[in-house]
Protein chains: 2
Amino acid sequence: MKFAVVGTGVIGSGWITRILAHGHEVVATDPSEGAYERMLKQVKQNWPYAEQLGLAEGASLDKLSFTANLEEAVKDADHIQENVPEIESIKDQVLTEIDAYAKPDAMIGSSTSGIMPSELQQNLKHPERLVVAHPFHPVYILPLVEVVPGKQTNEATTVKAEEIYESIGMDVLHVRHEIEGHIADRLMEALWREALHIVNDGVATTEEVDKAFTHAAGLRYAQYGPFMTFHLAGGEGGMRHMLKQFGPALKKPWTKLIAPELTQTLYDDVVNGCEIASQGQSMSELDQKRNEFLVKVKKLAEAYWPGDTASMKKVTK
Amino acid sequence: MKFAVVGTGVIGSGWITRILAHGHEVVATDPSEGAYERMLKQVKQNWPYAEQLGLAEGASLDKLSFTANLEEAVKDADHIQENVPEIESIKDQVLTEIDAYAKPDAMIGSSTSGIMPSELQQNLKHPERLVVAHPFHPVYILPLVEVVPGKQTNEATTVKAEEIYESIGMDVLHVRHEIEGHIADRLMEALWREALHIVNDGVATTEEVDKAFTHAAGLRYAQYGPFMTFHLAGGEGGMRHMLKQFGPALKKPWTKLIAPELTQTLYDDVVNGCEIASQGQSMSELDQKRNEFLVKVKKLAEAYWPGDTASMKKVTK
C-alpha cells in the first residue's frame with residue numbers, strides 16, 4: 001500500500017506521521033518554499049508520540065520521500081490524502097490535478113473540515129473514488145476520522161476507504177448525510193461561538209471560560225459525549241429524567257443558539273440512543289465506570305492544566 | 001466548621017461526600033419520603049472514589065447526621081449548602097426558611113445551575129451572606145465550583161465562601177457578572193442544543209454525535225478549553241493564525257448559533273487571553289505538553305469508551 005500526502009502543513013504532517021507509524025511508505029508533496037524542511041521538522045517532533053502509542057513492524061522515517069512535483073507524488077499511489085488550504089478554488093484545482101495524474105483506481109481522501117464531498121468531486125473524471133476523510137489535530141494521536149461519501153462516491157470506495165483508515169489505527173465515524181462542517185466541527189463551532197459571545201459580552205475572560213470547561217465538563221467529555229453525559233447525570237431515571245428536568249430550559253435564553261422543539265420523535269431518538277449506547281449496563285454500573293475514569297483523568301489533567309494567572313481575578317482580601 | 005446540606009438528591013449527596021471526605025461534620029436534611037436511605041446509599045457508593053482521591057485526617061462517614069427537620073439541621077451550621085429542585089418558588093421558600101433559622105453570620109451557598117443570586121437573595125433578612133456556588137456532577141470528583149455573588153452579597157462573604165470551597169478541595173471560578181446559567185452551563189447548553197439539532201435534523205444518531213466528540217475534541221477538552229485548544233491548533237502563529245484562517249467561518253451557517261462580530265476588541269481579548277494563559281511557554285513547549293497529555297488520556301479513555309453498537313451504521317459490504 002503506497003500513500004501520497006498532498007499539502008504538508010500541520011494536518012498533512014500529522015497524516016504523514018500516522019501513516020509512517022503504521023509501517024507504510026509515504027510520498028509527500030507541497031509546492032511552497034521551504035515546505036520539505038518544515039514538514040520534516042514537524043514529523044520528527046511528532047515521532048516520539050507515535051512511538052509512545054506503539055509503532056507497527058517496519059515503521060520507519062526512512063519510508064518517507066518528498067517531491068515538489070504533484071504528478072510524481074501521486075502517480076503510483078494507492079491512496080492519496082489531500083490537505084491543501086480550505087479555499088474552494090484551491091481545493092478544486094489541486095483535486096482536478098490529482099484526479100488526472102493518479103491511477104484510475106487510486107483512492108482520494110480530502111481532509112476538508114468544512115466543504116461537502118459532492119462539491120469537491122463535481123469536476124473530477126473519476127468522482128466515484130473521492131471521500132471526505134476529516135481528521136483531528138494532532139492527527140497522529142487523536143483517532144477520529146469522519147468519512148463522508150459524496151453523491152457520486154460509490155459504495156465500494158467508501159467501504160475501502162474506511163478499511164484503509166482503520167488499518168492506520170483510526171476510529172471511523174461514517175457520516176451518512178453531507179452537511180458543511182460535518183458533525184464534530186459543528187459541535188465545536190457552537191461551543192466556540194458561545195465562548196466568543198461570553199468574552200464579547202464582557203462576562204468572562206478567555207482564561208475563565210477555558211477553566212469553566214476543563215475543570216468540570218471537559219474531564220467528562222473525554223469519556224462521554226453530550227448525550228451520555230446527560231444520561232449519567234439523571235440518576236436512575238437517566239436521560240428520561242434529564243429531559244423532564246432540563247427540557248424546559250430549552251426555552252430559556254441560556255445561549256444565543258435557538259434550540260429545536262423537543263418533539264416526541266426527538267425525545268424518543270435521544271432516550272433510545274442513550275439506552276442503546278448503555279449496552280445493557282445498569283445506571284449504577286455506568287456510574288461506577290464513569291467515576292473510575294474521572295478519578296484517573298482528573299489526577300492526570302491536574303499536572304497538565306495551565307495554572308491560574310494574575311488575570312484570573314478572584315475577589316481578593 | 002459545621003456544614004449543613006439542604007436537599008439530598010444527586011447533587012446534595014455529592015456535596016455531603018466531598019465535605020465528609022475533607023474531615024468535616026455534616027448535618028443533612030430533606031423532607032421527602034425515603035430521603036435518608038437514598039442519600040446514605042449514594043454517599044456509600046461515592047465514598048470509594050473519595051478515598052481514591054485521598055481522605056483528609058479524621059474523615060469519616062460517622063460525621064454525617066440526618067434530620068428531616070430543616071430548623072434543626074441549619075441552626076448550628078457555619079455553612080449551609082442548598083440543593084433543592086430548580087424551581088424558583090421552591091428555592092425562594094426554602095432559602096427564606098434557612099435564612100430565618102440559621103445563625104446571622106452563617107454562610108449560605110446555593111447550588112443553582114441557572115438562577116441568578118440577586119433573585120435568590122431578594123426576600124432574605126440577611127441577603128449579604130448568600131452566594132451561588134454551582135458545582136458539577138459528580139461533586140465529589142470534579143473540582144470546579146462557580147462562585148457568583150449577587151447585588152446584595154458583601155465582599156467579605158464572597159472571600160469567605162471562596163476560602164471555604166477551596167478548603168474542601170475545589171477550584172473556584174469567581175464569576176464577576178451574573179447571567180442565567182453562569183458560564184459553564186452556557187457552554188454546555190450551546191453544545192447540547194447543537195447536538196439536539198443534529199439528531200433532530202436526521203444527520204446523525206446520539207451515539208454518532210457522542211463518538212464525534214469523545215474520540216477527538218473531548219480528549220483535548222480535558223486539558224484545554226475552547227480558546228487554548230484553538231491557540232494550539234494554530235501552529236507557530238497560535239490564535240492569531242486561527243482567527244485569520246477560521247474567522248471567516250463565523251459567517252457560515254455551521255451551527256444555528258449566530259456568531260458575534262469579530263471586532264478588534266474581541267480579537268485582542270482572545271489573542272491576549274491565550275498569550276497570558278501560555279505563561280511564557282513557546283508554542284512548541286505547549287505542543288509537547290499537549291501531546292504528552294493526549295497520549296496518556298487516549299490510552300486511559302480507550303478502556304472506558306462505550307463500544308460501537310449495531311446502530312452505529314457504517315457502510316457494510
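Below, chains carry the letters A, B, ... as their sequence lines are ordered, and counting in each starts from 1. Side chains included, hydrogens not; waters and symmetry mates left out as well; all remaining heavy atoms used.
- With a 4.5 Å cut-off on non-hydrogen atoms, A/Gln281 does not touch chain B at all.
- Within the 4.5 angstrom heavy-atom criterion, only side-chain atoms of A/Ile198, from C-beta onward, approach chain B.
- In this structure, the portion of A/Met239 lying under 4.5 Å from any heavy atom of chain B is its side chain and not its backbone.
- Here B/Leu250 is the residue among B/Ile179, B/Leu250, B/Val297, B/Asp269 with the most heavy-atom pairs under 4.5 Å with chain A.
- Within the 4.5 angstrom heavy-atom criterion, only side-chain atoms of B/Gln279, from C-beta onward, approach chain A.
- Counting heavy-atom pairs closer than 4.5 Å to chain A, the top residue among B/Lys289, B/His177, B/His182, B/Met228 is B/His177.
- In terms of heavy-atom pairs under 4.5 angstrom with chain B, the leader among A/Val175, A/Asp201, A/Val199 is A/Val199.
- The line from CE of B/Met188 to CZ of A/Arg220 is 5.0 Å long, rounded to the nearest 0.5 Å.
- No more than 12 heavy atoms of other residues, nucleotides or ligands sit less than 6.0 Å from atom NZ of B/Lys41.
- In this structure, A/Arg186 CZ and B/His197 NE2 are separated by 9.5 Å, a value rounded to the nearest 0.5 Å.
- Contact of A/Glu302 with chain B is not made at all, since no heavy-atom distance falls under 4.5 Å.
- For A/Asp171 (side chain) and B/His215 (main-chain N/O), no donor-acceptor pair under 3.5 Å exists by modelled atom type.
- Residue A/Leu294 holds its CG atom at 11.5 Å from CD of B/Gln52, rounded to the nearest 0.5 Å.
- The aromatic rings of B/Phe213 and A/Tyr221 lie perpendicular to each other, with more than 60° between the two planes, well past the 30° mark.
- Enclosure of atom NZ in B/Lys244 is not indicated, since only 12 or fewer non-hydrogen atoms of other residues, nucleotides or ligands lie within 6.0 angstrom.
- Looking at A/Ser113, the atoms closer than 4.5 Å to chain B (heavy atoms on both sides) sit in the backbone and in the side chain alike.
- Residue B/Glu178 does not touch chain A at all, counting heavy-atom pairs closer than 4.5 Å.
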Output side-chain donor-acceptor pairs under 3.5 Å for residues 136-146 of chain A, partner residues at least two apart or in another chain, one line each.
from	atom 1	to	atom 2	distance (Å)
A/His137	NE2	B/Arg290	NH1	3.1
A/Tyr140	OH	A/Asn46	OD1	3.1
A/Tyr140	OH	B/Asn291	ND2	3.0
A/Glu146	OE1	A/His134	ND1	2.9
A/Glu146	OE2	A/Ile183	N	3.1
A/Glu146	OE2	A/Ala184	N	2.8

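- In this structure, A/Leu196 CG and B/Phe227 CZ are separated by 5.0 Å, a value rounded to the nearest 0.5 Å.
- Heavy atoms closer than 4.5 Å to chain B are found in the backbone of A/Leu232, but not in its side chain.
- The contact between A/Lys298 and chain B is made entirely by side chain atoms (from C-beta outward), counting heavy-atom distances below 4.5 Å.
- Taking chain A as the reference chain and counting heavy-atom pairs below 4.5 Å, the highest number among B/Ala222, B/Cys274, B/Gly273, B/Gly181 is found for B/Ala222.
- Legend: residues meeting side-chain contact (heavy atoms from CB on, under 4.5 Å) with B/Gln42, ordered by chain and number and at least two apart, are B/Val10, B/Ser13.
- Atoms CG and CZ, from B/Leu187 and A/Arg193 in turn, are 15.0 Å apart once rounded to the nearest 0.5 Å.
- One distance of note links CD of A/Glu208 with NE2 of B/His174; it measures 8.5 Å at 0.5 Å rounding.
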